[in-house]
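Taking it in order: structure first as structure tokens, then the write-up.
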Protein chains: 2
Amino acid sequence: MADDAVSRKHHTPESAAHDVEAAVRLLDGRWKLLILFHLFDGRVQRYSDLEKLIPAISQKMLAQQLRQLEADGLVARTVYPEVPPKVEYRLTDWGQALCPALDGLLLWLERK
Amino acid sequence: MADDAVSRKHHTPESAAHDVEAAVRLLDGRWKLLILFHLFDGRVQRYSDLEKLIPAISQKMLAQQLRQLEADGLVARTVYPEVPPKVEYRLTDWGQALCPALDGLLLWLERK
DNA sequence: CGGCATCCTTTCCGATACTG
DNA sequence: CAGTATCGGAAAGGATGCCG
């Protein structure tokens, strides 16, 4: 058996393409990568912090992209029941683990 | 100054996001990953082979996605001046080098 | 065989206004 | 402060027909 850390799912061209597409779809959307890279250093950011860090984004898109990242399990959202409201965003462990994978893409791009 | 294989471009959140977006855009398009994974094993495929391998794709999209992959340097196109025409597609070295980077994304996805 | 041109539908996204 | 609601334009993508 020895079916441990080394074992990998078997992929056909179709299944590999399907799975990579699923991964890419998680990153798709005009602003998601920008948001992620502002969280990769482990910082926790408030909604208004992200608005300042990404000046060109509209509130609609910021909220929408954050909702999707949260629904997909990359970002965690914490609401503090205060007045005025305070909401913080940070990466999940899994979201943080995306960083080296994206670095692989950067290395590939630099190789061009 | 020992500025060799270890040296890396310095990235801000903006530049890293911008570069990864550029990489993702090369893969974006409903069918590109499917096409790439049918070429990753080193096989050379004719236009009509790809049509058979990806039955759901329209001719318009197959041609368009192949043009973009070619323009972006991932795929090489060879035309044989015969009647009837014969056109073959294969990965460039750089295109082939994308495979391990995508595998990193697969590993990340499997980790979920 | 290996396309390109055209039309049409769908999805994405920016701008703006409003709210607990 | 942290969103939601609505509108309209732009862009991606599917269906179909024609061509060297």
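The sequence lines fix the lettering, A, B, ..., with proteins before strands; numbering per chain opens at 1. The structure displayed is predicted, hence computed values, not measured ones. What you see below is based on every heavy atom in this structure, not just the backbone, and it leaves out hydrogens, waters and symmetry mates.
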**OP:** Starting from P on dG2(C), measure out to CD on Q45(B) and report it in whole angstrom.
**Re:** 12 Å
Original post:
So, is R46(B) near the phosphate of dC1(C), with a side-chain N or O under 4.0 Å from OP1 or OP2?
Top reply: no
**OP:** With a 4.0 Å heavy-atom cut-off, tell me which residues in residues 65-88 of chain A come close to DNA chain C, sorted by residue number.
**Re:** P85(A)
**OP:** Send over the distance from D49(A) CG to dG3(D) P, rounded to a whole Å.
**Re:** 12 Å
Original post:
If you find the nucleotide of DNA chain C closest to Q64(B) and the one closest to K52(B), which residue's nucleotide is nearer the 5' end?
Top reply: K52(B)
Original post:
Taking atom P of dT11(C) as reference, at what distance in whole Å does atom CE of M61(A) sit?
Top reply: 15 Å
Original post:
Base, sugar-phosphate, or nothing for S48(B), non-hydrogen atoms under 4.0 angstrom?
Top reply: sugar-phosphate
Original post:
Should I54(A) and W31(A) count as side-chain neighbours, where that means a heavy-atom distance under 4.5 Å?
Top reply: yes
Original post:
Is H11(B) close to L106(A) at the side-chain level, that is, under 4.5 Å between some pair of heavy atoms?
Top reply: yes
**OP:** Kindly say if Y89(B) contacts the phosphate of dG3(C), meaning a side-chain N or O under 4.0 Å from OP1 or OP2.
**Re:** yes
Subject >> Euclidean distance, atom CD1 of residue I54(B) to atom P of dG2(C) [Å, nearest integer] >> reply: 14 Å
Original post:
Would L109(A) and F40(B) show up in the same hydrophobic cluster when neighbours are defined by side-chain heavy atoms closer than 4.5 Å?
Top reply: yes
Original post:
Can you name the nearest heavy-atom pair linking Q65(B) to G29(B), along with the distance?
Top reply: OE1-C, 3.4 Å
Original post:
Does the base of dG14(D) carry an N or O that pairs as donor and acceptor with the side chain of K60(B) under 3.5 Å?
Top reply: yes
Original post:
How many Å lie between CG on L62(B) and P on dG14(D), as a whole number?
Top reply: 12 Å
Original post:
How many Å lie between CZ on R30(A) and P on dA12(D), as a whole number?
Top reply: 12 Å
Subject >> Given dG3(D), dG2(C), dA15(D), the nucleotide with the shortest approach to the side chain of Q59(A) >> reply: dG3(D)
**OP:** For the residue pair W108(B) and W94(A), categorise the inter-ring angle as parallel (less than 30°), tilted (30 to 60°) or perpendicular (more than 60°).
**Re:** parallel
**OP:** Starting from P on dC19(D), measure out to OH on Y47(B) and report it in whole angstrom.
**Re:** 17 Å
Subject >> Distance below 4.0 Å between W31(B) side-chain N/O and dA12(D) OP1 or OP2 >> reply: no
**OP:** Give the nucleotide from the list dG3(C), dA2(D), dA15(C) with an atom nearest to the side chain of A63(B).
**Re:** dG3(C)
Original post:
In whole angstroms, how far is the C1' atom of dC13(C) from the CG atom of D28(A)?
Top reply: 12 Å
Subject >> Flag if over 12 foreign heavy atoms under 6.0 Å of CZ, R77(A) >> reply: yes
Subject >> Under-4.0 Å salt bridge between D103(A) and R8(B) >> reply: yes
